[in-house]
Amino acid sequence: MLNQTLILIKPDGLKKSLTGNILTRLSETKLEIVAAKIIRVTPEMAEAHYCHLKEKTFFKELISYLTGELHQRKKVMAMVYWGEDAIQKIREIAGATNPEEASPTSIRGQFGRITTKGLYENVVHASAIESDAEREIKLWFDPDEIIFDLYPTRIVTTGGRKVRVWI
Ligand code: UDP
Ligand code: MG
């Protein structure tokens with residue numbers, strides 16, 4: 001099935017200078033990159049992205065991780081990959097959440113680690129299922145930042161300018 005998925009190279013991936021390695025691994029899937037940018041992550045963005053983990057003991061540490069506070073590297077690289085079974089293919093190559101349990105040849109298995117505090121620094125985020133992908137892509141990207149329309153949009157006028165927004 002054709003679908004799309006959000007990938008983030010998290011601050012540890014950028015700090016460890018892994019951008020090239022990760023993109024090379026992801027290119028093995030032969031999927032199409034339909035959006036990409038480097039973005040500063042506010043605590044609000046990080047909390048919205050990980051809202052389903054609010055009750056977890058590691059939530060505060062996780063927010064500090066995604067904002068880059070933890071690594072003094074305040075940015076992530078966000079991308080949308082599209083194609084046949086994109087979600088499943090990218091999750092597979094990303095590997096399991098726990099880098100110690102991840103396949104040694106997966107991105108997380110190769111480059112991830114567990115901190116002494118117990119946080120999984122696993123280098124990349126990848127959407128798990130279609131509903132997550134839709135929520136996450138709409139959170140990280142505006143319609144005009146993606147090369148084609150993945151979800152329905154509408155036009156609104158703000159300050160005399162017409163812009164497209166997700167419905
Ligand atoms: N995480 C963690 N400890 C856990 C579970 C998750 O540190 O026991 C972190 C890890 O960085 C993970 C993120 O929280 O990537 C989001 O967790 P989720 O369960 O959504 O895993 P993912 O979808 O990233 O594999
Ligand atoms: Mg997840």
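Counting starts at 1 for both ligands and their atoms, in listed order.
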Indicate the atoms forming the closest heavy-atom contact of Thr97 with Asn122, along with that distance.
O-ND2, 3.0 Å
For ligand 1, is there an N or O atom under 3.5 Å from any N or O atom of [X]?
X	value
Tyr50	no
Tyr65	no
Lys10	yes

Are more than 12 heavy atoms from other residues, nucleotides or ligands located less than 6.0 Å from atom NZ of Lys15?
yes
Can you tell me if CD1 on Ile114 sees more than 12 non-hydrogen neighbours from other groups inside 6.0 Å?
yes
Taking only non-hydrogen atoms of Arg91, do any sit less than 4.0 angstrom from ligand 1?
yes
What do you reckon, does His52 put a non-hydrogen atom under 4.0 Å from ligand 1?
yes
Among all protein heavy atoms, pick the one closest to [atom] and tell me residue, atom and distance.
atom	result
atom 17 (O) of ligand 1	Leu53 CD1, 3.4 Å
atom 14 (O) of ligand 1	Leu62 CD1, 3.3 Å
atom 6 (C) of ligand 1	Phe58 CZ, 3.5 Å
atom 24 (O) of ligand 1	Arg108 NH2, 3.0 Å
atom 8 (O) of ligand 1	Tyr120 CE1, 3.5 Å
atom 25 (O) of ligand 1	Thr97 OG1, 2.5 Å

Ligand-residue contact atoms, ligand 1 with Asn122, heavy atoms, under 4.0 Å
10 (C), 11 (O), 12 (C), 15 (O)
Assign the ring pair His71 / Tyr65 to parallel, tilted or perpendicular, where the plane angle (0 to 90°) is split at 30° and 60°.
tilted
Can you confirm if the NZ or CZ of Lys37 lies within 45° of the ring axis of Phe141 and under 6.0 Å from the centre of its six-membered ring?
yes
